[in-house]
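Quick notes on the structure that follows.
Note that these values count all heavy atoms, side chains included, but never hydrogens, waters or copies made by symmetry.
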There are 2 protein chains.
Amino acid sequence: MKEKNLLAELAAYLFSNSDKESGRTPSERELAEHFGVSRGQIREALAILEAMRIVERRAKSGIYIDTKQASVEALALFARAGLPLDPVQIYETVELRKIHEIKAAELACSRATEENFERLREILKASEERIAAGEGLAKEDREFHLEIVRATKNGVFHNICSVYYLMGEQRLPIYFNDPERSVRSHAEHIQIYEALLRRDGNLAQALMSAHLQGAESYWKGIIEGRWVEPKSATLEKA
Amino acid sequence: MKEKNLLAELAAYLFSNSDKESGRTPSERELAEHFGVSRGQIREALAILEAMRIVERRAKSGIYIDTKQASVEALALFARAGLPLDPVQIYETVELRKIHEIKAAELACSRATEENFERLREILKASEERIAAGEGLAKEDREFHLEIVRATKNGVFHNICSVYYLMGEQRLPIYFNDPERSVRSHAEHIQIYEALLRRDGNLAQALMSAHLQGAESYWKGIIEGRWVEPKSATLEKA
DNA sequence: AGACCCAATTGGTCGAACCAGTTTCGATAA
DNA sequence: TTATCGAAACTGGTTCGACCAATTGGGTCT
């Protein structure tokens with residue numbers, strides 16, 4: 001088994017192998033030896049981690065990590081890398097989604113073009129097929145919601161959403177494990193699509209709000225006690 | 001004069017010195033020679049640029065840049081590095097701010113703690129002093145708005161806002177060049193603060209909405225023709 | 001004109017070396 | 001015993017040179 005993702009492994013290693021007091025981590029040379037790669041490789045990964053504000057490299061001193069705070073970029077990275085996320089942070093992203101998407105639905109009503117509607121139809125069709133096959137629709141759900149953001153024609157908006165949507169990526173499949181949930185979501189998506197098509201801003205907002213309420217309650221329930229571990233068993237209770 | 005920020009210079013260089021068709025940039029060895037640094041240095045910078053999705057390194061082929069799209073992380077980086085931002089993107093961030101902060105004001109009404117109010121008072125006091133000194137309040141403005149987001153107690157929300165607030169950082173001083181604008185902003189900040197203190201969510205929302213409308217109109221005016229260049233004269237007309 | 005082949009180029013990786021501050025720890029002095 | 005000081009080990013920062021294998025591009029042969 002080759003190490004596909006040095007970045008993720010390194011980040012995880014640094015988190016667990018750092019001095020709890022100072023945050024000081026093993027040296028570049030030690031890390032290089034531990035991972036069986038050259039120092040250059042380690043430095044490249046550390047440069048990225050530093051740019052993401054995850055670690056701080058102090059010349060002639062050492063590498064320091066602040067385990068208490070994680071930046072957005074860090075969260076996005078972790079999602080990409082498949083590292084576990086704090087359930088509280090997941091809930092927070094859902095709350096943020098609500099803020100974004102309710103407004104996005106309204107804006108999309110006045111700005112969506114035929115291209116957007118075309119994409120939405122494609123996504124809904126794919127969703128239908130997936131449900132017919134008895135599968136959950138994690139991927140299609142994300143695409144549907146992102147396309148609505150895209151329809152606002154605000155590039156920065158879309159970029160930001162793309163980044164933090166990745167955060168929920170690994171948890172989404174669990175949410176859609178329940179087939180009934182997929183069916184209900186799909187039905188709501190269709191309603192939202194129709195509201196957009198009718199350019200009915202108020203209705204679209206209301207539908208989106210109700211649609212997201214489900215997910216919010218779900219995650220809220222999880223952080224309030226009944227936390228279910230998906231696959232990996234190496235998650236701290238935080 | 002030493003090159004303080006290789007990353008920014010490299011990014012700028014790659015943008016201008018890439019093949020318009022394929023997006024292919026000079027090789028690592030050429031870049032190293034051009035900037036007078038070792039290949040390792042270039043590779044480190046390229047690793048960051050790649051993590052930020054600004055460039056793509058294809059093994060045994062070359063480095064490619066997609067000048068058409070820039071990710072959020074790229075925007076944040078550019079803001080940090082002091083590179084010019086597309087005025088359209090600035091307007092888009094202002095629109096996004098409206099979405100975020102109106103809701104943030106509402107949430108803050110129910111979640112703000114004494115610590116938040118304390119900070120807000122400090123910021124308002126600093127604003128007053130700055131205005132009394134006849135200066136614009138760029139920094140205090142950002143701090144005021146960020147503190148409200150912080151009062152929502154949603155860490156992810158705060159992180160994301162911190163990131164893209166950096167984008168407007170360089171333009172903000174221009175906005176507040178007009179002393180009258182600083183005075184008006186400050187007065188509105190006080191109103192918002194009082195609404196938060198009274199926990200009046202509806203009022204806080206309304207005030208925030210009106211407050212941000214000014215900035216939105218301002219930037220909208222700029223992207224619609226009358227674009228004023230601040231200091232640097234090396235901005236492409238895009 | 002088209003198919004083919006080979007040599008130059010390129011990113012990926014490694015290791016050794018040197019520099020100049022920082023840490024660490026043991027020896028020395030109080 | 002405790003505090004202080006100094007030297008050695010360690011650390012990140014940076015450079016150079018080398019090798020690999022796949023891609024690329026130009027030239028050649030058919």
Using a heavy-atom cut-off of 4.0 Å across all strands, would you classify G40(A) as base, sugar-phosphate, or nothing? nothing
Classify E56(A) by what it touches in the nucleic acid, base, sugar-phosphate, or nothing, heavy-atom distance under 4.0 Å. nothing
Determine the contact category for R58(B): base if any of its heavy atoms lies under 4.0 Å from a base atom, sugar-phosphate if only primed atoms, P, OP1 or OP2 are that close, otherwise nothing. sugar-phosphate
Return yes when atom CD of E33(A) has more than 12 non-hydrogen atoms of other residues, nucleotides or ligands closer than 6.0 Å, and no otherwise. no
Under the salt bridge (Lys or Arg N to Asp or Glu O under 4.0 Å) test, residues paired with E95(A) that sit two or more places apart: R111(B)
Just by modelled atom types, is the N154(A) backbone N or O under 3.5 Å from a matching donor or acceptor in the E92(B) side chain? no
In this structure, how many angstroms lie between the C1' atom of dT11(D) and the CD atom of E33(A), rounded? 16 Å
Quick check for you: among dA21(D), dG13(D), dT15(D), whose closest atom lies nearest to any side-chain atom of R43(A)? dG13(D)
Within the 4.5 Å heavy-atom criterion, are I65(B) and L49(B) side-chain neighbours or not? no
E143(A) side, atom CD; E122(A) side, atom CD - distance, nearest 0.5 Å: 9.5 Å
How about F35(B) and Y13(B): are their ring centres within less than 6.0 Å of each other? yes
DNA chain D: 5'-proximal contact among R29(B) and S38(B) (nearest heavy atom): S38(B)
H34(B) side chain to N17(B) side chain, donor-acceptor N/O pair below 3.5 angstrom: no
Here's one to test your reading of the geometry: is the NZ or CZ of R58(A) within 45 degrees of the ring axis of Y64(A) and under 6.0 Å from its centre? yes
Starting from P on dT24(D), measure out to CD1 on I63(B) and report it in whole angstrom. 14 Å
Locate the shortest heavy-atom distance separating I63(B) from P26(B); write the atom from each residue and the value. CD1-O, 3.8 Å
dG13(D), dT11(D), dT15(D): which one has an atom nearest the side-chain heavy atoms of Q41(B)? dT15(D)
Axis-to-axis angle for the helix from dA1(C)-dT30(D) to dA30(C)-dT1(D), ends of five pairs each, to 10°, equals 10°
State whether the distance check finds a donor on one side and an acceptor on the other, under 3.5 Å, for side chain R39(B) versus base dG17(D). no
In this structure, how many angstroms lie between the P atom of dG17(D) and the CD atom of E28(B), rounded? 17 Å
Min and max contacting nt of DNA chain C in 5' to 3' order, chain B heavy atoms within under 4.0 angstrom, are dT10(C) to dT13(C)
